[in-house]
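A quick write-up on the structure given underneath.
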Amino acid sequence: EDQVTQSPEALRLQEGESSSLNCSYTVSGLRGLFWYRQDPGKGPEFLFTLYSAGEEKEKERLKATLTKKESFLHITAPKPEDSATYLCAVQEIGGSQGNLIFGKGTKLSVKP
Amino acid sequence: GAGVSQTPSNKVTEKGKYVELRCDPISGHTALYWYRQSLGQGPEFLIYFQGTGAADDSGLPNDRFFAVRPEGSVSTLKIQRTERGDSAVYLCASSLTSNIGTTKGYTFGSGTRLTVV
């Protein structure tokens with residue numbers, strides 16, 4: 001059973017059409033939840049770390065929120081340059097600080 | 001350099017051969033991480049170094065995989081007797097410390113695409 005599940009697998013939006021990506025997790029204790037962006041042929045690029053339910057973080061058109069079982073990445077008025085795969089990862093309490101458990105990602109396409 | 005450098009960017013090898021993948025982290029970063037990403041999947045943890053020592057190697061799939069970081073900077077991931085199932089993109093990342101990696105994220109390289117034929 002996957003510990004981190006992301007939905008949808010793929011999302012196509014028109015420029016300016018806001019939406020949300022979902023990340024649900026089932027680890028027993030959460031040390032942190034991470035959002036990364038990955039462009040084709042590149043390594044993931046860090047966006048946010050969230051630690052506790054109710055926490056929110058924002059960066060430009062992106063806002064990440066966290067509950068006890070899931071996180072949302074809200075994209076407001078997206079632009080074509082926001083097209084990428086968005087990866088969610090969790091770090092477990094009791095696990096090493098180097099070990100992130102990633103989901104499979106959501107591939108976002110924004111059309112002009 | 002300004003970022004994490006991985007060489008080679010692409011490697012094609014025959015089944016059964018030995019390969020080495022190199023990672024040059026950002027200067028001064030003490031924590032270094034290796035992940036593996038198969039097509040359509042998220043990165044999968046392999047091993048993490050704090051300085052010269054492996055702090056967690058629980059993700060190495062079997063004893064054909066080994067990694068070293070002898071001087072606390074450059075790291076090499078070594079794969080013996082390669083199999084077709086080892087084909088993937090091998091990603092290296094670094095952070096100033098492992099604590100900083102948690103709060104401010106890792107900096108990933110672009111990866112080495114390994115193809116075993």
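Keep in mind that what you see is a predicted model, and the values were worked out from it rather than measured.
Atoms CG and CG, from A/Asn99 and B/Leu46 in turn, are 10.0 Å apart once rounded to the nearest 0.5 Å.
A single hydrophobic cluster is seen to contain both A/Leu73 and A/Ile101, as judged by linkage of ILVMFWY side chains at heavy-atom distances under 4.5 Å, directly or through other members. Linking Ile, Leu, Val, Met, Phe, Trp and Tyr residues whenever their side-chain heavy atoms come within less than 4.5 Å leaves A/Leu21 and A/Phe72 in two separate clusters. A/Tyr86 and A/Leu13 fall within the same hydrophobic cluster, where Ile, Leu, Val, Met, Phe, Trp and Tyr residues are linked whenever their side-chain heavy atoms come under 4.5 Å apart, directly or through other members. Follow the hydrophobic side-chain contacts under 4.5 Å out from B/Leu60 and you reach B/Trp34 in the same cluster. Taken together through direct or relayed side-chain contacts under 4.5 Å among Ile, Leu, Val, Met, Phe, Trp and Tyr, B/Leu32 and B/Ile79 form part of one hydrophobic cluster.
Atom CD of A/Glu81 has more than 12 neighbouring heavy atoms from other residues, nucleotides or ligands inside a 6.0 Å radius. Within a 6.0 Å radius of NZ in B/Lys15, no more than 12 heavy atoms belonging to other residues, nucleotides or ligands are found. Around atom CD of A/Glu15, more than 12 heavy atoms belonging to other residues, nucleotides or ligands sit under 6.0 Å away. Heavy-atom contacts from other residues, nucleotides or ligands closer than 6.0 Å to CZ of A/Phe46 number more than 12. More than 12 heavy atoms of other shown residues, nucleotides or ligands fall within 6.0 angstrom of atom CZ in B/Arg64.
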Practice item. Report the C-alpha separation of B/Tyr106 and A/Phe34 in whole Å, then their side-chain angles, then the decisive distance to 0.1 Å, and conclude whether the ring-ring contact (aromatic ring centres under 6.0 Å, His included) test is met. Key: CA-CA 10 Å; B/Tyr106 308 160; A/Phe34 307 82; 7.2 Å; no
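Your options are A/Leu87, A/Leu100, A/Val4, A/Thr49, and the one with the most heavy-atom pairs under 4.5 Å with chain B is A/Leu100.
Residue contact with chain A, scored on non-hydrogen atoms closer than 4.5 Å, involves the side chain of B/Gln37 exclusively. Using a 4.5 Å cut-off between heavy atoms, B/Ser58 contacts chain A through its side chain alone, with no backbone atom that close. For a residue to count as touching a neighbouring chain, one of its non-hydrogen atoms must lie under 4.5 Å from one of that chain's; by this rule A/Phe48 does not touch chain B. When heavy atoms are compared at a cutoff of 4.5 Å, A/Gln38 approaches chain B solely by way of its side chain, counted from C-beta outward.
B/Tyr35 and A/Phe102 have their aromatic ring centers within a separation under 6.0 angstrom.
In this structure, A/Gly43 and B/Leu91 approach most closely via the heavy-atom pair CA-CD2, 4.1 Å.
No side-chain N or O of A/Gln97 forms a donor-acceptor pair with one of B/Gln50 less than 3.5 Å apart.
Applying the ring-ring contact (aromatic ring centres under 6.0 Å, His included) criterion to B/Tyr48, with sequence neighbours excluded, gives B/Tyr33.
Side chain of A/Tyr36 to main chain of B/Gly105: no donor-acceptor pair is present (N/O by atom type, distance under 3.5 Å, no hydrogens or angles).
Residues from residues 108-117 of chain B that place a non-hydrogen atom less than 4.5 Å from a non-hydrogen atom of chain A comprise B/Phe108, B/Gly109, B/Ser110, given in numerical order.
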